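Atoms within each ligand, like the ligands themselves, are counted from 1 in listed order. Remember, it's a predicted structure, so these values are computed and weren't measured experimentally. Worth knowing before you read on, the calculation uses all heavy atoms, side chains too, and leaves out hydrogens, waters and symmetry mates.
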Amino acid sequence: MNATTLISDTSFAERVQTLRQQLQHHGHRYYVLDEPEIPDAEYDRLFTELQALELAHPELTSPDSPTLRVGGLPLAQFTSVRHAVPMLSIRTETDTLATGAENFDARVRRELGLTPTDTPVEYVAELKFDGLAMNLRYENGVLVRAATRGDGEVGEDVTQNIRTIRQIPLRLNAAAAIDIPAILEVRGEVYMRRDEFEALNERQCEKIARGAKGEKTFVNPRNAAAGGVRQLDPAIAAQRRLSFFAYGLGEVTPATQGGPAFKTHYDLLMTLKAWGFPVAEQTKVVRGAAELVAFHQHMGETRDQLPYDIDGVVYKVNSLALQRQLGFVTREPRWAVAHKYPAQEQLTTVLSIDVQVGRTGKLTPVAKLAPVFVGGVTVTNATLHNEDEARRKDVRIGDTVIVRRAGDVIPEVVSVVLEKRQGQAEQFTMPRQCPVCGSAAVREEGEADYRCTGGLFCGAQRKEAILHYAHRRAVEVDGLGDRLVELLVDANIIRTLPDLYRLGLTSLAGLDRMADKSANNLLEAIEKSKQTTLPRFLFGLGIRHVGEATAKALARYFGQLDAIMNASEAELLAVDDVGPVVAQSIRTFFDQAHNREVVEQLRACGVTWEEGEPAERAPQPLSGKTFVITGTLPTLGRDEAKDKVEAAGGKVAGSVSKKTDYVVAGTEAGSKLTKALELGVKVIDENQLMELLNGGA
Ligand code: IVH
């Protein structure tokens, strides 16, 4: 017997009531106030209990039950709803300058018959959310209908979908100071947060990649929100994770019939907040045009830090009596205006995709665009960040793309409008050669960026290479800092490092701000730098991952530069401090003919150091031995084991043959182990391998 059947029906009804109240309270704490009081798991537990009770007792279902938030059955179509009070739009000022606010204030003052000596008008400054307008109708405190704006007179009934928005109360919070009116229509904006938008598009991309038909990515959060609200299947709407801000009222029980008597717009917003609606915290009471301008400017500067898009600010006369006095012109109130910001996103076409090389050798794909005015400036380039991003967005030459420029951030391509793709342009691939110097471009494991490996030679990296070489802890050229390097390189006096040693007074004389004395000092410092040490020189070459400590370790181990330049990766690995990434980086660096040339030229220019003897090398316990590693070892990763074997002079092969000396087997070793047993190859475990590495027999 089910335990719940022991409880009487009234207790069920009571329990259901309690659960709904608790869930409403905690949902509001979590979704609106962002101050949860209980852990998510506890909320889920209450929710599941309520769901179970409602399932067992369908007579207890109610339109304000939080269980409706997960979405009911799909609709065949939406029904039309005539708005009790039309949903108007507001006049828009697009002026980016102060004039938008000043014009509005001047109009209001004129309409109200105020003279310049009268006190400033009080306004509420709000954000203009970039979503879609919604009318929420509450009867006796319960949400009964949600309707879109439609043409302002007639909208669509989207109640099922709107119930899935956790921030919208299904029942008003009765704890507010003002009684809940019999009829209350709350107006506001349904929107999607930027992080939810990005997550949604990522999910869409995955679906498309899996070959799902009829799926697409969304252009911006507003379209995604509008699409979510207009879903016939509320379960899909629920997945969109939409949000809401309240900013006004529709039909309300009049004060004469016991309805609320608000004096100001701000009062009514604060009451909506107390009833359980989200009201943007930036909402502010201000006085006069100057304060409107300040608000517009401040929000313009900080709007990128908001978690959602706004396309402007809205000014409203605060006093409701003055609002009534001002009234309407045609379909727009005289007491409100929207002051927009320049759009941060625009459509344009991709003319080409270039790859730029940064000062430190990083390759960045950049889309060259047909010029477009966005975020207040004309944009012709937009970064694609790196290979993965470029591929994820799949930007191709000729594509129509959405470009975003938010604040002072570099413009970026948000997405491709696939519907507009015509050409057969190929998918973008990163070049394997540096577009500036032709050296190999490599992407290290676990890194997002490709880098040019011709650090000593590459034109893009010139300044950085010289600065690094001249650094106090590297070869040290006293006095050769940022500004001077900039000057010398820009004037084409120095192209590569050896040019430094070819400098003379004549070439320096022409330089701006270079007195004879400082020219002499520089030449002296350059001369002095010729006598250096191997670790300093090595460090000064700017090989990726070779810091001072590694340079010292390499110098100590090999003694001579040529030995390092010619060492194999396995040999490099034998040096303390050098792992596979560093070994590969050193090898790649010296594999670039141009880098070697520069090193030779530096030596020819007289850069010298005392070369030493290779360090007394520990005997290589595994030299001449071939290993095969198979299965999962208890502590060592496969690569780690391989590195250790190689560092000890051994070789690691991929398959077992008669030449194999040892098979190191872990758990779930398969065919390689069988083969070893067949051939009579010695099989050892991790412990035995460690013993061998430590010189044991
Ligand atoms: S007030 C009669 N306040 O902008 C006044 N509208 O035409 C009605 N909007 O689509 C609107 N944020 O959905 C108002 N803080 C805000 C708003 C806002 C966004 C939207 C609204 C409508 C358009 C105004």
> Any chance the side chains of Asn135 and Glu185 put a donor and an acceptor closer than 3.5 Å?
Replying inline: yes

> So, Glu111 and Arg107, do they make that salt bridge, N to O below 4.0 Å?
Replying inline: no

Donor-acceptor pairs under 3.5 Å, side chain of residues 268-286 to any protein atom, not counting sequence neighbours: which ones?
{"from": "Thr271", "atom 1": "OG1", "to": "Asp267", "atom 2": "O", "distance (Å)": "2.8"}
{"from": "Trp275", "atom 1": "NE1", "to": "Ile178", "atom 2": "O", "distance (Å)": "3.3"}
{"from": "Thr283", "atom 1": "OG1", "to": "Ala280", "atom 2": "O", "distance (Å)": "2.6"}

>> For a quick check under 3.5 Å, do Tyr315 and Asp105 share a side-chain donor-acceptor pair by atom type?
In response: no

> Going by an N to O cut-off under 4.0 Å, is there a salt bridge joining Arg45 and Glu42?
Replying inline: yes

>> I'd like the contact residues of ligand 1, where contact means a heavy atom below 4.0 Å.
In response: Leu88, Ser89, Ile90, Glu126, Leu127, Lys128, Phe129, Ala133, Glu189, Tyr247, Val314, Lys316, Pro333

> Are any of the side-chain heavy atoms of Arg222 and Tyr191 separated by less than 4.5 Å?
Replying inline: no

